[in-house]
Amino acid sequence: MRIFSAIEGERIPADAQRVELEDLIECWTLDEAEVESLANKSGATCLGFALMLKFFELEGRFPRREDVPKAAVDYMAGQVKFDAALFAEYRWSGSTIEYHRAQIRRFQGFREPTVADEDKLTFWLADKMCPVETSRERLRAALLARCREERTEPPTPKQIERLAGAAEALFEREFDFTTTRRLPVSAVTALEDPRTASTFVTRTWPVSRRSCGTT
């Protein structure tokens, strides 16, 4: 959503600028209820809250500072009647932003994720997505979409990586276990000592299922 191209001084054609403006209007315009949620907020606090509110509506997650397009900052500043430069003063840690996040979750009908939610996401990925998807990037996208469907704030990027990795490992163990059970005894014997396989299945598998997805 940038009006100027990356080459300094080069302007994007008028048609592209019109698309940019249309996108801004569609995605970043505050409705009446959203304007009311800005009550008692001013300056950087008002601008930062408004941008987080609309970003969460669009993406189903909270942004980092660098996630918010400059064009969106400028457009939002015009709506709330504060200088766009104030966005640089919005604090991204501390009690104020935590309060803002809680307000936005309530406004959007979302809730914070729990350990149980992470467990469910891990097993869902392993059961529904890993059998058909090998791309980590698409696993992340599927997890974010699932959270949005469940009206749950998604885990942090680091937690998402951990859950995706746990889901992949869980799927691989289950695949190996299921495949081994379907093989003829002679094939299993040729691959490994049956006593070792039996020990691994009975001792390691249940523990692995419980451990995946915990914090």
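Below, all heavy atoms of this structure are taken into account, side chains as well, without hydrogens, waters or symmetry copies. In this text, all values refer to a predicted model and were calculated from it rather than measured experimentally. Numbers here simply count residues along the sequence, with the first being 1.
Panel note: side chain Gln79, backbone Leu30; a donor-acceptor pair is recorded below 3.5 Å.
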Tell me, with the steps shown, if Val68 and Met76 meet side chain to side chain contact (heavy atoms under 4.5 Å, CB included). CA-CA 11 Å; Val68 183; Met76 185 63 72; over 6 Å; no
Taking it one step at a time, do Met52 and Ile97 satisfy side chain to side chain contact (heavy atoms under 4.5 Å, CB included)? CA-CA 10 Å; Met52 283 218 304; Ile97 193 170; 3.8 Å; yes
One pair to check against side chain to side chain contact (heavy atoms under 4.5 Å, CB included): Gln108 and Leu53. What are the steps and the verdict? CA-CA 9 Å; Gln108 300 288 358; Leu53 177 64; 3.7 Å; yes
Please assess Ile160 against Leu144 for the test side chain to side chain contact (heavy atoms under 4.5 Å, CB included), listing each intermediate value before the final yes or no. CA-CA 9 Å; Ile160 288 174; Leu144 290 172; 3.7 Å; yes
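Judged as a ring-ring contact (aromatic ring centres under 6.0 Å, His included), and not counting sequence neighbours, the contacts of Phe56 are Phe62, Phe110. For Phe55, the ring-ring contact (aromatic ring centres under 6.0 Å, His included) test picks out no residue, with sequence neighbours left out. Remark: Arg101 engages Glu98 in a side chain to side chain donor-acceptor pair (under 3.5 Å) (not counting sequence neighbours). With sequence neighbours excluded, the residues forming a side chain to side chain donor-acceptor pair (under 3.5 Å) with Glu161 are Arg136, Arg140, listed by chain and number. Scored by the salt bridge (Lys or Arg N to Asp or Glu O under 4.0 Å) test, Asp67 finds Arg61, Arg64 as partners (sequence neighbours excluded). Evaluation of the salt bridge (Lys or Arg N to Asp or Glu O under 4.0 Å) rule for Glu112 yields Arg105 as partners, not counting sequence neighbours. Arg148 pairs by the salt bridge (Lys or Arg N to Asp or Glu O under 4.0 Å) definition with nothing, not counting sequence neighbours. By the side chain to side chain contact (heavy atoms under 4.5 Å, CB included) test, Ala33 is found to be paired with Asp31, Phe107, residues two or more places apart in sequence or in another chain being considered. Take Glu26 and apply the salt bridge (Lys or Arg N to Asp or Glu O under 4.0 Å) test, not counting sequence neighbours, and it matches no residue.
The shortest non-hydrogen separation linking Ala167 to Ala126 is O-CB, 3.6 Å. Here the shortest heavy-atom pairing between Ala84 and Leu47 reads O-CD2, 3.9 Å. Considering all non-hydrogen atoms of both residues, Val132 and Lys128 come closest at CG2-O, 3.7 Å. Looking at every heavy atom in both residues, Tyr75 comes nearest to Leu24 through CE2-O, 3.5 Å. Between Pro154 and Cys147, the closest heavy-atom pair is CA-SG, 3.8 Å.
The shortest side-chain heavy-atom distance between Arg138 and Met129 does not fall under the 4.5 Å cut-off. Looking only at side-chain heavy atoms (C-beta outward), Leu139 and Glu168 come within less than 4.5 Å of each other. Taking 4.5 Å as the limit, some side-chain heavy atom of Leu58 sits within range of a side-chain heavy atom of Trp28.
Transitive grouping of hydrophobic side chains (ILVMFWY, heavy atoms separated by less than 4.5 Å) brings Val35 and Ile25 into a common cluster.
The list of side chain to side chain donor-acceptor pair (under 3.5 Å) pairs with a residue in residues 39-48, not counting sequence neighbours, reads Lys41-Gln103. Under the side chain to side chain donor-acceptor pair (under 3.5 Å) criterion, the residue pairs touching residues 48-59 are Glu34-Lys54, Lys54-Glu57, with sequence neighbours excluded. The side chain to side chain donor-acceptor pair (under 3.5 Å) contacts involving residues 81-97 comprise Tyr90-His100, where partners must be two or more places apart or lie in separate chains.
Residues Asp119 and Thr122 have side chains that never bring a donor and an acceptor to within less than 3.5 angstrom of each other.
Rounded to the nearest 0.5 angstrom, Arg106 CZ and Ser37 OG are separated by 11.0 Å. Asp117 CG to Trp124 CH2: the interatomic distance, rounded to the nearest 0.5 Å, is 13.5 Å.
The environment of Glu32 atom CD is sparse: at most 12 non-hydrogen atoms of other residues, nucleotides or ligands sit within 6.0 angstrom.
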